[in-house]
Amino acid sequence: MPPSSEVERRDNAAGPRIGVLALQGDFREHFGALHSCGATPVPVRRIGELDSVDGLVIPGGESTTMSKLLEVFDLLEPLRKRLRDGMPAFGSCAGMILLAAEVLDTRPDAQHLDGIDMTVRRNAFGRQVDSFETNLDFAGLTGDPVRAVFIRAPWVERAGPGVEVLATVPDGPAAGRIVAVRQGNVLATAFHPEVTGDLRVHELFTAIVRAAA
Ligand code: GLN
């Protein structure tokens, strides 16, 4: 057995263990982004894996399907509990929907996780602007604006008093709509930072996890 200081050093070098909910959706893109940030990404499909991580990414995909799979895999209540206990989390798109306290325009049986005190409208941008890209100013991120890719995205219709608004749509018919938020250690974006190669949002989340661990 190596001395514990050596084990610690190795753990630090490996970076925080960040789970990626891997039931459905674009979880692979998040593994790559987290790895590039120096974190150790861990696929999460069962309770033991959820227990082993310091933070969790909930990817884009289809929120109602993910909701159903969370129930089938017996992860819904354990995940709610970890969020109540303060586990850092980051949800992109469908992940944002799952982290909401209230969801509009979803299926009546869809579950959500209450990670952020917000109301989210699913597929909010409508059919005409199903998918689009724009540049966003993102509070706390320095450098160029963030290139944001929206794919059948939600927006935040109500952000509670404890919720920090990090980005809004700059122009067009949806100007002013909230598309990135943070409450404590929980972060959510309506867009997909995992698909652009810009690591800043994942770096921010990795820093949140590191600070909380
Ligand atoms: N529209 C999807 C949903 O309701 C989200 C789309 C996405 O994650 N790209 O879950």
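Counting begins at 1 with the first residue of the sequence. Whatever order the structure lists them in is the order used to number ligands and atoms, beginning at 1. All values derive from a computational prediction rather than experimental measurement.
Among the atoms of S92, none of the N or O lies under 3.5 angstrom from an N or O of ligand 1. Ligand 1 has an N or O atom lying under 3.5 Å from an N or O atom of A94, backbone or side chain. Residue G60 has no N or O atom closer than 3.5 Å to an N or O atom of ligand 1. For a threshold of 3.5 Å applied to N or O pairs, the pair formed by I151 and ligand 1 contains at least one separation below that value. Polar contact with ligand 1: absent for T64 (N/O pair, distance under 3.5 Å).
Looking at T106 against ligand 1, nothing comes within 4.0 Å, counting heavy atoms. With a 4.0 Å cut-off on non-hydrogen atoms, E62 touches ligand 1 through its backbone as well as its side chain.
When only modelled atom types and interatomic distance are considered, S36 and H202 share no side-chain donor-acceptor pair under 3.5 Å.
Here the side chain of D26 pairs a donor or acceptor atom with the backbone of G60 at under 3.5 angstrom. No donor-acceptor distance shorter than 3.5 angstrom exists from the side chain of Q24 to the backbone of L69, with no hydrogens or angles considered.
A cation-pi contact, defined as under 6.0 Å to the ring centre and within 45° of the axis, links R177 to W155.
Close to ligand 1: H192, with a non-hydrogen atom less than 4.0 angstrom away.
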